[in-house]
Structure formats: structure tokens, C-alpha cells
Amino acid sequence: MCSSYEQIANLIARYAFATDDGDFAALGALFARGRLALNGGEPVSGAAGIAGLAEAVLQTYEGGSLRTRHVTTNLFIDVDEDAGTARSRSYFTVFQSLPELPLQPIAAGHYQDRFARVDGRWCFAERAVVTDFSGDVSHHVRAAAH
């Protein structure tokens, strides 16, 4: 069985894979009991809310992908086993490539996360996404979301 640290790290990775794949239902499922806030905006709660937010904000391409890779680094996870809670902070860098856009980093920032253990499984309780630096996100974020 994986440690709590490993389970939480895997949960963080699932967020990146679901986002890059454009699998907004899977992304939303990660927050079935949690909420997500983008760049200081109002938090959105629950699976349907998160999936709807992703569909409204992120551009998808043929096959449904975003043509991105969200790379998560500098993972710091602090687990309170007795309380069944954890916090983490990590960095992200988003790379994107399209036929008209050479591979390049388009955004970098950090995540501030809270987790809860529910029925023996770790889940997101809250994620704050903070974009610290951005480049050309015109192919990643829908115009209305800029």
C-alpha cells in the first residue's frame, strides 16, 4: 500500500493528466468533495462545477486535448495522519505546442492545496491555482477568460 505522501502526490499528478487530456469529467471528479479557485477568483465546488469551469476557460483541440503538459515540481506535502488532513504547495509550468505554435512554456505558478482523507482515500478539499508568470496563453485560455 502506498504511503499518504505517495497517494497525495498521485492525486496531484492525476490533476495534471486529466487537464492535459481535456478529460474535464475526470478533472471534476477529483473535486467531488472539494473546491478550486483560479487566481484569486471565487472558488468553484463539486465535480460538475469544476468540469464546467474547465470547459468554459480552457481551449481544446482535435481529439479533445489541450496540447499542453502541466509539469508539477517542488512538491511539498505536510500530512497530519491523526487528523486525516494534509496541505501541499508545489510549482507548475505549462508547456504548449501546436502546428502554428512551437513548443514553449506559456505559464508558471504555484498550487496551494488542502486534502482530506475520506473513507480511507485522500481527496482534494481545496486547490488554489496562482499564475505567477504567463507568456502566450492565447491558444490555451479562451478569450473571455483572459
Side-chain angles (χ1 to χ4, degrees), residues 1-47 49-61 63-81 83-98 100-118 121-146:
M1 179 163 191
C2 293
S3 70
S4 291
Y5 182 97
E6 292 168 315
Q7 291 175 49
I8 292 167
N10 287 341
L11 190 58
I12 292 168
R14 281 197 289 277
Y15 174 93
F17 283 109
T19 301
D20 290 332
D21 292 343
D23 189 347
F24 300 145
L27 181 64
L30 293 174
F31 292 89
R33 294 183 169 102
R35 59 192 208 163
L36 173 76
L38 297 177
N39 296 310
E42 278 296 313
V44 176
S45 298
I50 303 303
L53 175 65
E55 282 185 39
V57 171
L58 301 172
Q59 293 187 50
T60 57
Y61 295 90
S65 101
L66 278 62
R67 304 279 312 201
T68 57
R69 290 295 178 260
H70 285 68
V71 179
T72 310
T73 59
N74 297 51
L75 206 57
F76 177 80
I77 301 172
D78 183 27
V79 179
D80 184 335
E81 291 288 354
T85 61
R87 293 183 174 275
S88 84
R89 183 175 166 131
S90 55
Y91 290 146
F92 68 84
T93 305
V94 182
F95 293 90
Q96 188 173 38
S97 178
L98 294 160
E100 66 276 9
L101 181 76
L103 177 64
Q104 60 186 278
I106 59 167
H110 64 278
Y111 299 126
Q112 295 176 349
D113 298 322
R114 285 188 323 101
F115 302 91
R117 190 172 44 223
V118 178
R121 295 182 53 138
W122 287 99
C123 58
F124 277 102
E126 188 172 71
R127 168 164 272 192
V129 179
V130 180
T131 304
D132 297 315
F133 311 105
S134 62
D136 182 358
V137 295
S138 64
H139 300 281
H140 179 53
V141 178
R142 295 190 188 281
H146 280 249

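Along the sequence shown, residues carry numbers from 1. Hydrogens, waters and symmetry mates play no part in the numbers below; they use all other heavy atoms, side chains included.
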Nearest 0.5 Å please: distance from the [atom1] atom of [X] over to the [atom2] atom of [Y].
X      : Y      : atom1 : atom2 : answer
Asp21  : Ser65  : CG    : OG    : 7.5 Å
Asp80  : Ser4   : CG    : OG    : 10.0 Å
Leu36  : Leu27  : CG    : CG    : 7.5 Å
Glu126 : Ser45  : CD    : OG    : 9.0 Å
Ser90  : Gln112 : OG    : CD    : 9.5 Å
Arg89  : Asp78  : CZ    : CG    : 13.5 Å

For [X], is the [atom1] atom crowded, meaning more than 12 foreign heavy atoms sit under 6.0 Å from it?
X     : atom1 : result
Phe17 : CZ    : no
Phe95 : CZ    : yes
Glu81 : CD    : yes

Closest heavy-atom contact between [X] and [Y]?
X      : Y      : value
Asp132 : Gly109 : OD2-CA, 3.2 Å
Ala16  : His70  : CB-O, 3.6 Å
Ile8   : Val79  : CD1-CG2, 4.0 Å
Arg67  : Ser97  : NE-O, 3.0 Å
Ala116 : Ala125 : N-CB, 4.3 Å
Phe92  : Thr131 : CZ-OG1, 4.0 Å

Exam field: side chain [X] to backbone [Y], donor-acceptor pair closer than 3.5 Å:
X      : Y      : answer
Arg142 : Leu58  : yes
Gln96  : His139 : yes
Gln59  : Ser138 : yes

Beyond-backbone contact of [X] with [Y], side-chain heavy atoms, under 4.5 angstrom:
X     : Y      : answer
Thr60 : Phe24  : yes
Leu53 : Leu38  : yes
Tyr5  : Trp122 : no

Chi angles and distances behind the side-chain contact (heavy atoms from CB on, under 4.5 Å) call for Tyr111, Val129: CA-CA 5 Å; Tyr111 299 126; Val129 179; 3.9 Å; yes
Test side-chain contact (heavy atoms from CB on, under 4.5 Å) applied to His140 and Leu66, step by step: CA-CA 7 Å; His140 179 53; Leu66 278 62; 3.5 Å; yes
CA sep, side-chain torsions, deciding dist, call: Arg127, Ile12, side-chain contact (heavy atoms from CB on, under 4.5 Å): CA-CA 10 Å; Arg127 168 164 272 192; Ile12 292 168; 3.8 Å; yes
Plane angle bin for Phe115 and Phe124 - parallel if under 30°, tilted between 30 and 60°, otherwise perpendicular: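 Correct class here is tilted.
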Evaluation steps, side-chain contact (heavy atoms from CB on, under 4.5 Å), between Gln7 and Arg117: CA-CA 10 Å; Gln7 291 175 49; Arg117 190 172 44 223; over 6 Å; no
